[in-house]
*Asks:* 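Handing you this structure, nothing more for now.
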Amino acid sequence: MSMTNFIQFDKDDIDNAKGTGLISTIDRDLDIKVTPFDSTNEKAPTHRVYAKSPRGHDIEVGGIWKKTNGEGKPYYTLSIKRLGFNANLGRYPGQDDLALQAIIEWEPRD
């Protein structure tokens with residue numbers, strides 16, 4: 001069995017890292033590429049998420065945002081609006097590679 005729902009960044013400093021990964025759902029497998037995005041807009045994503053079109057073109061499909069939890073600790077969320085896919089990024093149980101982030105899907109809120 002191969003790993004699914006992950007992003008492997010090229011360094012531990014996720015804010016400035018590029019990455020590749022895979023999102024698998026019941027009806028699709030989506031290979032993704034993640035690139036840092038620099039903006040002065042505080043609501044802008046930290047990264048843009050790209051996938052391949054059926055003809056092989058890179059298309060922007062979503063973004064990653066850095067947020068702060070109630071304890072003041074940073075965390076990341078991923079959204080692919082067209083698919084209604086929302087997730088948090090985090091570590092897999094038992095692994096301590098900060099550059100490897102699990103994609104933990106959650107249901108959208110109404």
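For the numbers below, each heavy atom of this structure counts, side chains included, while hydrogens, waters and symmetry mates do not. These numbers come from a predicted model, not from an experiment.
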*Asks:* Is the shortest side-chain heavy-atom distance between Leu98 and Arg91 below 4.5 Å?
*Replies:* yes

*Asks:* Would you check, one step at a time, whether the test side-chain hydrogen bond (donor to acceptor under 3.5 Å, both in side chains) holds for Asp15 with Tyr76?
*Replies:* CA-CA 10 Å; Asp15 286 347; Tyr76 296 89; 2.3 Å; yes

*Asks:* Should Asp29 and Leu22 be marked as a side chain to side chain contact (heavy atoms under 4.5 Å, CB included) after you check the CA-CA gap, both sets of side-chain angles, and the distance that decides it?
*Replies:* CA-CA 7 Å; Asp29 288 314; Leu22 173 64; 4.2 Å; yes

*Asks:* Is it the case that atom NZ in Lys11 sees more than 12 heavy atoms from other parts of the structure closer than 6.0 Å?
*Replies:* yes

*Asks:* Check step by step if side-chain hydrogen bond (donor to acceptor under 3.5 Å, both in side chains) holds for Asn5 and Ser24.
*Replies:* CA-CA 6 Å; Asn5 297 336; Ser24 292; 4.7 Å; no

*Asks:* Would you find more than 12 non-hydrogen atoms of other residues, nucleotides or ligands less than 6.0 Å from Asp38 atom CG?
*Replies:* no

*Asks:* So which heavy atom on Ser39 is nearest to which on Asn41, and how close?
*Replies:* OG-N, 3.0 Å

*Asks:* Taking all atoms of both residues into account, what is the closest heavy-atom pair of Trp65 and Ser79, and its distance?
*Replies:* CZ3-CB, 3.8 Å

*Asks:* So which atom in Thr77 and which in Asn88 form the shortest heavy-atom distance, rounded to 0.1 Å?
*Replies:* CG2-OD1, 3.2 Å

*Asks:* So do Leu30 and Leu83 actually touch side chain to side chain, heavy atoms under 4.5 Å?
*Replies:* yes

*Asks:* Can you tell me if Glu71 uses its side chain to pair, donor with acceptor, with the backbone of Lys73 under 3.5 Å?
*Replies:* no

*Asks:* Is there a side-chain contact between Ile103 and Ile7 (heavy atoms, below 4.5 Å)?
*Replies:* yes

*Asks:* Over all heavy atoms of both residues, which pair between Leu100 and Gln95 is shortest? Give the atoms and the distance, please.
*Replies:* O-NE2, 3.4 Å

*Asks:* Heavy atoms, side chains only, cut-off 4.5 Å: are Leu78 and Ile23 in contact?
*Replies:* yes

*Asks:* Sub-3.5 Å donor-acceptor pair from the side chain of Glu60 to the main-chain atoms of Tyr50, do we have one?
*Replies:* no

*Asks:* Kindly give the heavy-atom pair with the smallest separation between Ala87 and Trp106, and that separation in Å.
*Replies:* C-NE1, 3.1 Å

*Asks:* Minimum heavy-atom separation for Asp58 and Lys52, please, with both atom names.
*Replies:* OD1-NZ, 2.9 Å

*Asks:* Do side-chain atoms of Asp10 reach the backbone of Lys18 as a donor and acceptor pair under 3.5 angstrom?
*Replies:* yes

*Asks:* Any donor and acceptor pair, going by atom type alone, linking the side chain of His47 with main-chain N or O of Ala17 inside 3.5 Å?
*Replies:* yes

*Asks:* Looking at side-chain heavy atoms only, is the closest gap between Tyr75 and Leu89 below 4.5 Å?
*Replies:* no

